[in-house]
Amino acid sequence: MKFCSNCAQPVSLSVPAGDHLPRFVCAACGTIHYETPRIIAGCVIEHEGKLLLCKRAIEPRHGFWTTPAGFMENGESVQHAAAREAMEEALAHVRIGSLLAIVNVIRAHQVHIMFRATLIEPSFGIGPESLESRLYAEEEIPWPEIAFLSVEFGLRRYLEDRRLGREQLHFRDIDWRDGKAILTDGHSQ
Ligand code: ZN
C-alpha cells in the first residue's frame with residue numbers, strides 16, 4: 001500500500017502504539033490500515049455419488065481442476081459465499097451441508113473454509129471462470145491435475161469420511177519453506 005484509502009496521502013509502515021506488528025499508517029489522517037487474512041469459501045458437491053469439479057479458466061492454476069470456491073464478500077455468510085461460488089463457477093444450485101475443512105494457507109494470507117454440498121436440481125454448467133465442469137467418480141478424480149493443495153485435502157478427507165460413513169471437520173495448515181509446501185495438522189500449531 002502506498003496511499004491512504006481515506007485521504008489519499010502517502011502511508012508508511014510503523015508499529016502503532018499498543019500494537020505488535022507493523023501496519024500501514026497515515027500520518028495525515030491517523031488511519032491505521034490493517035491487512036488481515038481473507039476467507040475463501042467453497043464446497044465439495046456430490047451428485048449421484050460423484051463429485052462436481054471445474055476446470056479453471058483463470059490464473060492461478062489455469063487448466064487445473066478445482067471445487068467451486070472464491071473470496072467471501074461483505075454482507076454474506078460463509079455458507080452463502082460457498083453456494084454463490086457454486087452458482088458462478090458451475091451454474092450449480094446447491095444445498096450447503098456440514099462443515100468439511102478449515103485450511104490455513106499461511107503464506108497466502110488466506111483461510112479456506114469448505115462445506116459438503118449437494119445439487120438441489122440435477123443440472124450444472126460452465127461459468128465464466130471455468131473451461132469445463134464435470135462429475136467425477138472417486139476413481140476418476142485427476143489428482144495430479146487438482147489446482148490447489150487445500151482442494152486436494154478437502155476432496156481426500158471428503159472421500160475418506162464418506163467411506164467411513166461419517167462427516168467430520170478437518171484442519172490443515174499449509175505453508176511454504178524453500179519453495180516446498182509444508183503441510184501440518186492444524187491442531188498441533
Ligand atoms: Zn489518511
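Computed from a predicted model, the values in this text were never measured in an experiment.
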Practice problem: Can you run down the salt bridge (Lys or Arg N to Asp or Glu O under 4.0 Å) pairs that involve residues 64-87, sequence neighbours left out, and say none if there aren't any? | Solution: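 Matches after skipping sequence neighbours: Glu76-Arg84, Arg84-Glu88.
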Practice problem: Return each pair, listed once, that meets salt bridge (Lys or Arg N to Asp or Glu O under 4.0 Å) where at least one residue sits in residues 28-37; pairs must be two or more places apart or across chains. | Solution: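 Qualifying pairs, neighbours excluded: none.
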Exercise. Check the pair Cys4, His33 against side chain to side chain contact (heavy atoms under 4.5 Å, CB included), reporting the backbone distance first and the verdict last.
Key: CA-CA 8 Å; Cys4 178; His33 300 274; 3.3 Å; yes
Quiz item: If Ile, Leu, Val, Met, Phe, Trp and Tyr residues are connected whenever their side-chain heavy atoms lie under 4.5 Å apart, and connections chain through other members, are Ile174 and Val44 in the same group?
Solution: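 Same hydrophobic cluster.
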Self-check item: Validation row: Arg172, Thr184 side chains within 4.5 angstrom (heavy atoms)
Solution: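 Arg172 vs Thr184: side chains apart.
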Practice problem: Taking the side chain as every heavy atom from C-beta outward, state whether Leu135 and Phe124 have any pair of such atoms under 4.5 Å apart. | Solution: yes
Quiz prompt | Remaining members of the apolar cluster that contains Ile126, side-chain heavy atoms under 4.5 Å | solution = none
Under the side chain to side chain contact (heavy atoms under 4.5 Å, CB included) rule, collect the residues that match up with [X], sequence neighbours excluded.
X      : answer
Asp19  : Val15, Pro16, Arg23, Tyr34
Ala137 : Lys50, Glu139, Glu140
Pro60  : Arg56, Phe148
Leu159 : Leu51, Glu138, Ile141, Trp143, Arg162, Arg163

Exercise. Any pair with a residue in residues 38-74 that passes ring pair (Phe, Tyr, Trp, His ring centres under 6.0 Å), sequence neighbours left out, goes on the list, sorted by first then second residue, please.
Key: Trp65-Tyr136
Quiz item: Which pairs count as ring pair (Phe, Tyr, Trp, His ring centres under 6.0 Å) when at least one residue sits in residues 73-117, sequence neighbours excluded?
Solution: none
Quiz item: Under the side chain to side chain contact (heavy atoms under 4.5 Å, CB included) criterion, do Ser150 and Met114 qualify, and how do the steps go?
Solution: CA-CA 9 Å; Ser150 59; Met114 281 176 254; 4.2 Å; yes
At what distance, to the nearest 0.5 angstrom, does [atom1] of [X] lie from [atom2] of [Y]?
X      : Y      : atom1 : atom2 : value
Asp185 : His170 : CG    : NE2   : 11.0 Å
Leu119 : Leu52  : CG    : CG    : 6.0 Å
Ile45  : Glu89  : CD1   : CD    : 9.0 Å
Ile39  : Ile113 : CD1   : CD1   : 4.5 Å
Asp173 : Leu183 : CG    : CG    : 9.0 Å

Quiz item: If only atom types and distance count, is the side chain of Glu59 paired as donor or acceptor with the main-chain N or O of Arg61 below 3.5 Å?
Solution: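 Yes.
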Quiz prompt | By side chain to side chain donor-acceptor pair (under 3.5 Å) - contacts of Glu160 (at least two apart) | solution = Arg157
Exercise. For Glu167, enumerate each residue passing the salt bridge (charged side-chain N to carboxylate O under 4.0 Å, His left out) test, keeping only those at least two apart in sequence or located in another chain.
Key: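 Not a single residue meets the salt bridge (charged side-chain N to carboxylate O under 4.0 Å, His left out) criterion with Glu167.
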Quiz item: Of all residues at least two apart in sequence or in a different chain, which pass the salt bridge (charged side-chain N to carboxylate O under 4.0 Å, His left out) check with Arg156?
Solution: Glu152
